[in-house]
Amino acid sequence: MSPSLDLPKNYEFSEVERRWQDTWRDEDTYFDPVSDRPKFIIDTPPPYPTGTFHIGNAFNWCYIDFIARYRRMNGDNVMFPQGWDCHGLPTEVKVEEINGITKNDVPREEFRKMCRDLTLSNIEKMRRTLRRMGFSVDWSHEYITMLPEYYKKTQLSFLRMLSAGYIYQSEHPVNFCTRCETAIAFAEVAYEPRETTLNYFDFDGVDVATTRPELLAACVAVAVHPDDERYRNMAGRNLTVPLFGHRVPLITDPAVDPSFGSGAVMICTFGDKQDVHWWKQHKLELRKAIDRQGRMTTIAGKYAGMKSADCRKAILEDMKEQQILTRQEPLEQRVGACWRCKTPIEIMSERQWFVKIDPEAIMKAAREIEWIPDHMFLRIENWVQQMEWDWCISRQRVFATPIPVWFCKACGEMVVPAEEELPVDPTVDRPSKPCPRCGSRDFSGEADVLDTWMDSSISVLNVTGWDGNGVPLLFPAELRPQGHDIIRTWAFYTILRSVALTGKRPWDTILVNGMVLGEDGYKMSKSRGNVITPEEIVEKHGADALRQWAASGAATGSDIMFNWNDVISASRFQTKMWNIARFVHLQLRRHPYDRDAPAVALADRWLLDCLAGTVADVTNALEAYQFDRALKSIREFAWDVLADNYIELVKGRLYSDDPSREGACRVLETAIDTLCRLMAPFIPFFAEECYSYLGRGSVHSKEWPGLLARDPDARGKGDLLVKVVADLRRYKHERGLALNAPMGRVAIFSAPFSDDSGDASRALNAPVEWHTEPPRLEKAAGDVQFNMAVVGPALRKDAAAFMKAVRVLPEGLLANPPAAIDIGGKEVPVPRDSFSLQFTYRLEGEQVDVRVIDGVIATIHAIP
RNA sequence: GGGCCCGUGGUCUAGUCGGUCAUGACGUCGCCCUUACACGGCGGAGGUCGCCGGUUCGAAUCCGGCCGGGCCCA
């Protein structure tokens, strides 16, 4: 990378990005544990290792990397860890699919190993993508939640919360997926629209409507609204359940909607969340009709063993036969489903493990965190306020962190391992001591495992060095970046766990990014066919272009539509910037120059002030996480200010051998150096390549540009110089002249300066004189210009006579037109804006064209 | 039914604690191959800032209502 080489004509992103990826060293982005620089710890989201990084991840990571790189250049000791949230159902399902087995076909440990192997190979694939995207991950702080060193911390956190009373075991209704055969938390329930049937039937004389006839065996009451006239005086009666014959009470409750169905609803244990309410409130009995596999239990009598869907059909058939089914109507409803497999969830009472939720404590911590954008705070607030019951953390699966608990077979006492024994698998390992209560050595290990969110909700504790004792040294983290889709899960659980384990908020700031939508404005999905992968974009336009799209596509926090145009215009900016750099290097190399040459020319001082303004804008935008504003400011400076105005203005000076070119060279070099630093967080490959030609090492090891001195005087005058030149170019354009065509002498009067170092003259290819005093112009009335769009419609047949009369008006009247004019003895009103008077000017006896620009007068002589 | 976000030229988008010609990109039209760049330069056309009402000297921006879209939750 010798600085003496010229830049190649074309910027080849694929070659350049590949080369720098191979050159950069991992160690350069490691967090320094012994540094005394201010720490900046990022609680990076640990993605699920599916094997492919999707565009939403890429978008999210772009934000993180912009910040990590900016913070590093700013002198912060940055930790950008990379975690992998491994456990969970999708991998189990994938393993079952690949091997054509179910989890019960092989020993538990063998099944786990298959899951681990698949996960590790997926992680390896995803690591490659992270590197290809140029993300400056701290690989010395990588963590993998399925490996012992991590999940022993998960187990430790479980034991700490267990002994602190946060965790308890209880029989309670939970959401249950019968396909996955596991309990799930509310956060894992997705609501899906579904077309179903509302069935009306005769319930021992009461007309009842239900969508779940298969739950008839689990019916424990019938409820009506207390004010419902149809059921006056019926409360308290006992009814016989059709087909099954058990007796249930008819109760009243204001939560019953009298306008839905027949106004009478059967309460079953459990059809939905409302049933749980009623069951608790009215202290009803518990009848469990569906088991963990989704089959009918023995209380379903002759339907026992049937799948619930088959049972529904059978019961409806039997109702028809007994002529108690009165009518059926279609109904649009939203049904809770397992978010992983989309199977409708059942609510069933189960012995499960729960974490207590303390809404006040969580909200107190949430309020201490800065939410960006701030309205995202409302999402967690709404979620916390409507929590129905505690967090169910036990799962009946295999590939997850084991719950580290045994029960004494003799006396039922719960036994936990010592801290130094962790991690344990209680289904394999044995307690090291006999039962403290009865001395027995016969134990059964807890077979349930933990919710995956129990792993990932200690990510911040893990990276800040939590060891189970109090508040870690590096806690809280400075930043949590994540999407708004997981506020109610990852953000919520992390706050809960941090409060429970440390008593503190987990982060200073949470930066919430939006979702990536397809080009058609809808969520990307395979079925819609609107999926775009990061690999595809990187392949076609490079990682830097993708990164620019992420920065500029939307304001921080709002959803972003994927858009090829933005990617293409991003790569165009790189091409433009490359050509700017190429031109600058060509000029710098053409002649030796003094690097400390003072910037005395107006244009040079002007450019430096514009650069100072840009540095300030970009810095402020980054501090406020406004990446779109930062990148826009960079592009505007490079393209509009530097390329289109400054370079065009000083080209002549650069081509010359005049000493004044040194100032321009110095300014250009400063501009390129500073621009590379500003671009480095956004387009690290491009910035590095560009910077390498300066021969000053890696741009990523350089400091962020400090705030530069401002020069308002040069800025004001320079703006005027630029405007004057632009206007005179427009003048040439209007006259059909090529922009580099020679033009006659130009004199500029009433300007606040008299010396532009000849830049305007060379830019316009004309002799240019600057005068601070006003011109001595002789003004003469010239042609009258009529506006036919006004004159025609207003005067019709008189138009020609009107124009003739106007032309012969005295000059004073032309400048201030009368209200009416005499045409052949007729008074005709003069329409507004029907004509305007053109003037001609003479300067020193020569006719000149005149332009007025911001109070400055430019006169243009004809070419002699 | 509740909460939140959004509705700006053909398309996407900035601005939204009120104040001169409403930002940029893509597209479009005209001129220009000017020794960095035609993936370029210069110039133009194109907007009742969703609708209605209110506050104000002044509203894309504040308030109320309505319509439409999205997300989260019942």
Mapping A:Lys9 and A:Trp383 onto RNA chain B by nearest heavy atom, which one lands closer to the 5' end?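 Closest to the 5' end, via its nearest nucleotide, is A:Lys9.
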
**Request:** Would you kindly compare A:Gln587 and A:Asp628 by the position of their nearest RNA chain B nucleotide and give the one closer to the 5′ end?
**Result:**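 The residue mapped nearer the 5' terminus is A:Asp628.
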
List the residues meeting ring-ring contact (aromatic ring centres under 6.0 Å, His included) with [X], not counting sequence neighbours, and say none if there are none.
| X | result |
| --- | --- |
| A:His172 | A:Phe354, A:Trp389 |
| A:Phe59 | A:Tyr63, A:Trp549 |
| A:Tyr646 | none |

Given atom [atom1] of [X] and atom [atom2] of [N], what is their separation to the nearest angstrom?
| X | N | atom1 | atom2 | answer |
| --- | --- | --- | --- | --- |
| A:Leu517 | B:U13 | CG | C1' | 14 Å |
| A:Asp485 | B:C71 | CG | P | 12 Å |
| A:Arg582 | B:C39 | CZ | P | 14 Å |
| A:Asp640 | B:G41 | CG | C1' | 12 Å |
| A:Gln626 | B:A14 | CD | P | 11 Å |
| A:Trp389 | B:A74 | CH2 | C1' | 13 Å |
| A:Tyr731 | B:G44 | OH | C1' | 20 Å |
| A:Gln548 | B:C26 | CD | P | 12 Å |

Say you pick atom [atom1] in [N] and the same atom in [M]; how far apart are they, in whole Å?
| N | M | atom1 | value |
| --- | --- | --- | --- |
| B:G1 | B:C62 | P | 26 Å |
| B:G7 | B:A14 | C1' | 15 Å |
| B:C42 | B:C26 | P | 13 Å |
| B:C37 | B:G24 | P | 26 Å |
| B:U11 | B:G3 | C1' | 31 Å |
| B:C4 | B:G10 | C1' | 31 Å |
| B:C71 | B:A45 | C1' | 38 Å |
| B:A25 | B:C51 | P | 26 Å |

Fill in: A:Asp390 side chain to A:Ile357 backbone, donor-acceptor under 3.5 Å
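Yes, A:Asp390 side chain to A:Ile357 backbone: donor-acceptor pair under 3.5 Å.
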
If you look only at pairs with a residue in residues 614-630 of chain A, which of them pass as a side-chain hydrogen bond (donor to acceptor under 3.5 Å, both in side chains), with sequence neighbours excluded?
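Those involving residues 614-630 of chain A are A:Tyr70-A:Glu623, A:Arg71-A:Glu623, A:Thr619-A:Trp704, A:Gln626-A:Arg629.
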
Using a 4.0 Å heavy-atom cut-off across all strands, classify [X] as base, sugar-phosphate, or nothing.
| X | answer |
| --- | --- |
| A:Ser569 | sugar-phosphate |
| A:Trp639 | sugar-phosphate |
| A:Ala555 | sugar-phosphate |
| A:Asp644 | sugar-phosphate |

Where RNA chain B forms stems, i.e. three or more consecutive Watson-Crick or G-U pairs with both distances under 3.5 Å:
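In RNA chain B, stems of three or more pairs: B:1-7 with B:67-73, B:10-12 with B:24-26, B:28-32 with B:40-44, B:50-54 with B:62-66.
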
_Counting only side-chain nitrogens and oxygens, does A:Arg572 get under 4.0 Å of the OP1 or OP2 atom of B:C26?_
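So the side-chain polar atoms of A:Arg572 do come within 4.0 Å of the phosphate oxygens OP1 or OP2 of B:C26, strictly under.
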
Presence of A:Lys632 side-chain N/O under 4.0 Å of B:U13 phosphate oxygens OP1/OP2:
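Answer no for this pair, as no side-chain N or O of A:Lys632 is under 4.0 Å from OP1 or OP2.
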
Trace of the side-chain contact (heavy atoms from CB on, under 4.5 Å) decision for A:Ile510 with A:Gln482 | CA-CA 8 Å; A:Ile510 179 167; A:Gln482 65 161 75; 3.9 Å; yes

- prompt: Near RNA chain B, under 4.0 Å by heavy atom, which residues of residues 645-655 of chain A?
  reply: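 Close to the strand are A:Ile647, A:Glu648, A:Lys651, A:Tyr655.
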
If you take all heavy atoms of [X] and [Y], which pair is closest and at what distance?
| X | Y | result |
| --- | --- | --- |
| A:Met348 | A:Phe270 | CA-CD1, 4.3 Å |
| A:Ala858 | A:Leu728 | CB-CD2, 4.5 Å |
| A:Val355 | A:Leu496 | CG1-CD2, 3.7 Å |
| A:Met577 | A:Phe686 | CG-CE2, 3.5 Å |
| A:Ile267 | A:Ala223 | CD1-CB, 3.8 Å |
| A:Thr494 | A:Arg480 | OG1-NH2, 3.2 Å |

Scoring nucleotides 1-12 of chain B by protein non-hydrogen atoms under 4.0 Å (B base, S sugar-phosphate only, - none) yields --SSS-------

Any side-chain donor paired with an acceptor under 3.5 Å for A:Asn645 and A:Trp606?
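A:Asn645 vs A:Trp606: no donor-acceptor pair found between side chains.
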
Does this structure show an ion pair linking A:Asp756 with A:Arg762, if we count only N-O contacts that are shorter than 4.0 Å?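 Answer for the salt bridge query: no.
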
Please list, pair by pair, any protein nitrogen or oxygen found under 3.5 Å from a nitrogen or oxygen in nucleotides 62-64 of chain B.
none

Check: In a check of salt bridge (charged side-chain N to carboxylate O under 4.0 Å, His left out) between A:Asp604 and each of A:Arg653, A:Arg661, A:Arg666, which one passes?
Finding: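 So the option named by the test is A:Arg653.
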
message: Listing request: all salt bridge (Lys or Arg N to Asp or Glu O under 4.0 Å) pairs with a residue in residues 540-559 of chain A, at least two apart in sequence or in separate chains.
response: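 Listed by first then second residue: A:Asp65-A:Arg547, A:Glu536-A:Lys540.
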
request  = For A:Glu17, enumerate each residue passing the salt bridge (charged side-chain N to carboxylate O under 4.0 Å, His left out) test, keeping only those at least two apart in sequence or located in another chain.
outcome  =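 A:Arg132.
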
Of the listed nucleotides B:G24, B:C42, B:A36, the one nearest the side chain of A:Glu636
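Closest nucleotide to the A:Glu636 side chain: B:G24.
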
Scan the side chains in residues 634-643 of chain A for donor-acceptor partners under 3.5 Å anywhere in the protein, sequence neighbours excluded, and list what turns up.
| residue | atom | partner | partner atom | Å |
| --- | --- | --- | --- | --- |
| A:Arg635 | NE | A:Gln548 | OE1 | 3.2 |
| A:Arg635 | NH2 | A:Gln548 | OE1 | 2.7 |

Between the protein and nucleotides 30-32 of chain B, which nitrogen or oxygen pairs are less than 3.5 angstrom apart?
| residue | atom | partner | partner atom | Å |
| --- | --- | --- | --- | --- |
| B:G30 | N2 | A:His733 | NE2 | 3.3 |

